[in-house]
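Everything on this sheet refers to the single structure shown next.
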Amino acid sequence: GGSEPVAVLQMRRAHSEKDLSEELDEAKLDVLRHVAVEETPVTEETARDAAELDKCVQRRRKYLWSSGNKSPTYAQQSPVTPSSSVTPSPTPPFLPFSPSEIVDGKVVEVKEYPKDTPDHEIRFVGGVFVVDSPMMGEYRADVSCGEFYQDLRRTMKAIGTASVNSTATKRLMLLEAKFKMYLLLNEEKEYLAQKINPHRDFYNVRKVDTHIHHSASMHQKHLLRFIKKKLKIDGDRIVIFRDGKELTLKEVFQSLRMTAYDLSLDMLDVHADNSTLHRFDRFNLKYNPCGSSRLREIFLKTDNRIEGVYLAGITKELFQDYTEAKYQMSELRLSIYGRNKDEWDKLAKWIVKNKLYCDNVRWMVQVPRLYHIHRKTVPNMNCFSDMLRNIFAPLFEVTKDPSSHPELHLFLQQVVGFDSVDDESLGEIKIWRQPPVPDEWKDDNNPPYSYYAYYMWANISVLNKFRRERGFGEFSFRPHCGEAGELDHVVASFLCAESINHGITMRRSPSLQYLFYLEQIGLAMSPMSNNALFLQYDRNPFYLYFKRGLNVSLSTDDPLQFHFTKEPLIEEYGMAKQVWKYSTVDLCEIARNSVLQSGFEDCVKAHWIGPDFRLKGHLGNNISRTNVPDIRLEFRHDTLTEERAFIARSASIHYAGILHPMKSPSHGPQPSSHWVGAKVGAAPIVQPLHTGYFPKPPSDLAGGSKTSGGAGDGVDESV
């Protein structure tokens with residue numbers, strides 16, 4: 001009798017005491033059993049909230065699935081069959097410093113660059129490039145800026161609705177409880193699965209640092225040793241032009257009244273300290289060794305008097321460290337400011353001339369949001385369109401004719417994506433309706449984060465369509481987002497970014513967390529960086545996100561400012577393990593997430609984590625490569641499938657309009673069927689209609705349900 005609900009036992013006892021000969025009403029017992037084990041019924045409010053969340057998912061998929069962006073991350077891809085396994089390769093499908101092509105599955109060098117396509121016409125219209133292809137028609141952004149702000153408005157309204165947040169909170173708490181129960185039941189099984197897995201452990205599974213800035217990618221002792229070495233052996237080199245004369249490296253240090261002997265880590269003063277908390281301006285000054293902008297220009301810039309020789313030298317030493325570590329990879333970020341079109345060629349020539357390539361490294365290009373500075377300091381910077389043209393025009397030109405920018409064509413083979421960076425905590429002008437076109441943005445105010453996000457996404461999406469036709473590599477959009485500032489930054493990135501860096505401000509919004517979970521949007525988080533700048537380590541939401549099943553990975557951000565050893569990524573994992581008591585299974589799962597979030601080529605990922613990595617659940621796992629037990633990934637996949645099915649089922653009920661108002665479960669037992677047909681005799685719906693998790697969206701996506709009365713109506717869209 002221990003398997004029966006308490007209510008059933010009480011009824012049996014009551015009947016037995018009253019009349020032992022009286023038989024129980026089995027129909028009543030069946031109802032009680034059903035009520036005791038069933039999940040809370042889908043109420044009208046829950047169905048409406050699910051529909052709002054589903055519409056948010058549909059809005060995102062307009063940007064990610066139909067825009068020509070690089071294929072979404074693993075957890076977002078459409079179903080893949082087992083026959084679509086990827087052939088593993090430890091090296092990429094290109095030669096880094098000469099034109100190449102694949103012949104019979106092998107990469108071979110060729111003499112000429114890909115030919116020009118003179119029939120393609122490139123135009124710049126309203127801040128976005130348009131390509132006329134004779135074969136494929138017109139390539140343009142699928143969503144206008146006005147429609148983007150309409151989607152942003154509606155999504156902001158949805159996540160700000162109290163009932164939606166309440167529903168999301170309940171689902172997130174349920175996810176936490178499921179994970180806790182899973183660990184209680186399966187922790188020993190996971191441990192045994194790892195124990196019998198030969199060779200592989202946490203140290204030799206691949207980990208990718210998906211968020212790291214190149215100019216701060218070395219640790220402080222490494223930079224100090226390099227500066228001392230160059231001062232001793234290369235002190236007579238002319239390194240800078242200042243105050244009307246050329247200065248050697250020795251003369252620069254003499255002007256600073258320092259010698260090689262005087263230099264120390266304390267004198268270098270590049271490590272973040274208590275003074276940088278909530279002071280991003282002070283943190284930026286930490287990029288100046290010894291507090292000198294001259295030393296930053298000499299040692300940490302690519303475009304200077306010595307053509308970036310010193311930065312190339314320290315980068316090669318860093319590459320050597322990555323090669324020796326073998327299992328640690330990174331996506332280093334280089335800056336393109338948009339001040340002029342020559343920036344791309346200068347950066348590409350620096351890469352090619354210095355032969356900067358490592359199998360463990362790919363490049364990301366970050367665009368600082370500094371239009372308001374360029375507007376005042378750069379000649380001929382008359383409007384925001386000029387900055388966009390400087391950033392993207394060379395990329396369209398080299399895609400059309402690689403021989404027009406040969407070094408840039410080679411460099412772009414190693415580039416996997418774009419980032420958008422700057423201080424999010426700064427105040428900004430908010431735009432909700434009728435955004436101006438970039439040609440009209442001529443004042444000195446900086447455009448808001450969302451404005452940058454849209455025009456970055458729009459141009460990248462068109463560029464990807466063009467490059468796909470040409471057979472070249474495509475780019476993802478993975479901006480800094482949610483480190484500080486308002487939630488509309490995260491909402492803008494939710495709509496149009498493949499994944500984001502940071503995301504700690506989402507801790508204030510359960511509905512956004514739940515949306516990021518449903519879509520498994522990558523979060524490259526840096527708790528040690530956040531601890532120094534915005535949020536104490538013990539308050540960081542990484543631990544909570546991981547328990548709830550969000551797609552999180554650990555990254556370093558700026559090892560120069562935050563770390564002490566030549567393996568900063570291991571420092572991040574070690575700190576997380578100690579503070580949050582992670583098991584090796586947890587660490588290996590986070591490492592696997594980092595590989596999937598990264599932009600490394602599929603053949604390289606297949607070599608690292610298995611050829612079937614694009615499959616879902618345990619089918620896509622290879623424990624001999626990842627050291628993650630199949631049971632962990634099967635749990636993650638089943639839980640995600642259940643949550644998506646819950647949203648799809650609940651939203652379809654709302655879309656069909658068949659749900660009668662129902663009492664709360666606390667008001668007494670509900671009918672065994674949780675939903676009742678709107679008309680007498682109407683059959684209850686048991687299969688979801690077309691929702692965000694099915695190919696065809698409902699017709700009221702743009703305007704919201706006209707019967708719901710909730711967020712998304714066409715009544716008042718102000719935020």
Side-chain angles (χ1 to χ4, degrees), residues 120-132 139-141 143-146 148-149 301-303 333-350 364-401 404-405 408 411-412 415 417-424 426 428-431 434-467 475 477 479-480 492 496:
H120 285 82
E121 181 183 350
I122 301 172
R123 295 175 285 121
F124 188 64
V125 181
V128 181
F129 280 88
V130 178
V131 179
D132 294 320
Y139 295 144
R140 63 166 57 246
V143 182
S144 68
C145 187
F148 169 77
Y149 272 101
K301 293 289 186 179
T302 62
D303 184 17
R333 280 153 173 76
L334 295 167
S335 294
I336 289 292
Y337 295 91
R339 291 179 292 219
N340 58 69
K341 294 181 181 180
D342 296 335
E343 290 180 19
W344 279 106
D345 285 329
K346 290 179 180 178
L347 182 59
K349 288 177 181 177
W350 178 75
M364 292 273 292
V365 172
Q366 62 181 24
V367 179
R369 299 186 294 275
L370 298 176
Y371 166 75
H372 59 301
I373 304 297
H374 303 333
R375 179 75 173 82
K376 300 173 184 177
T377 59
V378 178
N380 301 321
M381 183 71 69
N382 299 317
C383 59
F384 189 61
S385 273
D386 294 333
M387 181 176 173
L388 292 172
R389 188 182 290 106
N390 292 338
I391 293 171
F392 289 103
L395 302 181
F396 282 89
E397 292 170 6
V398 73
T399 302
K400 181 177 182 295
D401 181 12
S404 63
H405 305 268
L408 180 56
F411 170 53
L412 290 180
V415 175
F418 284 82
D419 195 351
S420 175
V421 299
D422 200 27
D423 182 5
E424 288 188 73
L426 298 176
E428 62 182 19
I429 300 172
K430 298 297 183 183
I431 300 176
Q434 299 178 348
V437 296
D439 293 337
E440 297 174 355
W441 198 289
K442 297 183 178 181
D443 57 30
D444 295 337
N445 293 318
N446 205 26
Y449 181 98
S450 55
Y451 199 76
Y452 275 100
Y454 170 77
Y455 282 102
M456 289 283 291
W457 166 82
N459 283 287
I460 292 170
S461 67
V462 177
L463 180 63
N464 281 340
K465 294 175 184 178
F466 190 18
R467 291 182 68 82
F475 309 115
F477 179 42
H480 276 54
C496 63

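Values reported hereafter were calculated over all heavy atoms of this structure, with side chains retained and with hydrogens, waters and symmetry mates removed.
Aromatic ring centres of Tyr451 and Tyr455 lie closer together than 6.0 Å. A distance of 6.0 Å or more separates the ring centres of Tyr452 and Tyr371.
Formation of a donor-acceptor pair under 3.5 Å by the Asp439 side chain with backbone atoms of Cys383 is not found in this model. Lys341 contributes no side-chain N or O that, together with a main-chain N or O of Ile391, makes up a donor-acceptor pair within less than 3.5 Å. No donor-acceptor pair closer than 3.5 Å links the side chain of Asp419 to the backbone N or O of Gln366.
Remark: Trp441 engages Asp443 in a side chain to side chain donor-acceptor pair (under 3.5 Å) (not counting sequence neighbours). Every side chain to side chain donor-acceptor pair (under 3.5 Å) that Glu424 has, sequence neighbours left out, goes to His489. Residues meeting the salt bridge (Lys or Arg N to Asp or Glu O under 4.0 Å) test with Arg369, sequence neighbours left out: none. In this view, Lys442 satisfies the salt bridge (Lys or Arg N to Asp or Glu O under 4.0 Å) rule with no residue, not counting sequence neighbours. Residues satisfying the side chain to side chain contact (heavy atoms under 4.5 Å, CB included) criterion with Ile373, sequence neighbours excluded, are Leu370, Thr377. By the side chain to side chain contact (heavy atoms under 4.5 Å, CB included) test, Thr302 is found to be paired with Leu311, Leu347, Trp350, residues two or more places apart in sequence or in another chain being considered. Every residue two or more places apart in sequence or in another chain was checked for a salt bridge (Lys or Arg N to Asp or Glu O under 4.0 Å) with Asp345, and none qualifies. With sequence neighbours excluded, no residue satisfies salt bridge (Lys or Arg N to Asp or Glu O under 4.0 Å) with Lys349. For Arg467, the side chain to side chain donor-acceptor pair (under 3.5 Å) partners are Thr399, not counting sequence neighbours. For the side chain to side chain donor-acceptor pair (under 3.5 Å) test, residues two or more places apart in sequence or in another chain that qualify with Asp401 are Ser403. Qualifying side chain to side chain contact (heavy atoms under 4.5 Å, CB included) partners for Asp444, counting only residues two or more places apart in sequence or in other chains: Arg375, Lys376. Taking Arg339 as the reference, Tyr337, Glu343, His374, Val378 meet the side chain to side chain contact (heavy atoms under 4.5 Å, CB included) condition, with sequence neighbours excluded.
In terms of heavy-atom proximity, Asp386 sits nearest to Asn382 at OD2-N, 2.8 Å. Nearest heavy-atom pair across Ala141 and Tyr454 is CB-OH, 4.2 Å. Scanning all heavy atoms of the two residues, the minimum distance from Ala458 to Ser461 falls at O-OG, 2.7 Å. In terms of heavy-atom proximity, Glu397 sits nearest to Ser404 at O-OG, 3.6 Å. A pairwise comparison of heavy atoms in Asn459 and Phe396 identifies O-CZ, 3.8 Å as the closest pair. In terms of heavy-atom proximity, Ala453 sits nearest to Cys496 at O-SG, 4.0 Å.
Here the side chains of Met387 and Val367 are in contact, with some heavy-atom distance below 4.5 Å. At least one side-chain heavy atom of Ile431 sits less than 4.5 Å from a side-chain heavy atom of Pro436. Side-chain contact between His405 and Trp344: absent, with no pair of heavy atoms (C-beta onward) separated by less than 4.5 Å. Using a 4.5 Å heavy-atom threshold, the side chains of Asp422 and Pro368 count as separate. Proximity of Lys400 to Ile122: side-chain heavy atoms (C-beta onward) are separated by under 4.5 Å at one or more points.
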Checklist entry - Should Arg123 and Asp132 be marked as a side-chain contact (heavy atoms from CB on, under 4.5 Å) after you check the CA-CA gap, both sets of side-chain angles, and the distance that decides it? => result CA-CA 8 Å; Arg123 295 175 285 121; Asp132 294 320; 3.0 Å; yes
Checklist entry - Do Val130 and Phe124 pass the side-chain contact (heavy atoms from CB on, under 4.5 Å) test, and can you show the C-alpha distance, the side-chain angles, and the key distance before you say yes or no? => result CA-CA 6 Å; Val130 178; Phe124 188 64; over 6 Å; no
Checklist entry - Checking side-chain contact (heavy atoms from CB on, under 4.5 Å) for the pair Leu334/Met364: CA distance, chi angles, key distance, verdict? => result CA-CA 6 Å; Leu334 295 167; Met364 292 273 292; over 6 Å; no
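In this structure, CG in Leu408 is found 7.5 Å from CZ in Phe411, a value given to the nearest 0.5 Å. Summarising the geometry, atom CG belonging to Asn445 is positioned 4.0 Å from atom CD1 belonging to Ile429; distances are rounded to the nearest 0.5 Å. Distance check, rounded to the nearest 0.5 Å: CG of Leu463 to OH of Tyr139 gives 11.5 Å. We find the CD-CG distance between Glu428 and Asp423 to be 10.5 Å, quoted to the nearest 0.5 Å.
The aromatic rings of Phe475 and Phe418 lie perpendicular to each other, with more than 60° between the two planes, well past the 30° mark.
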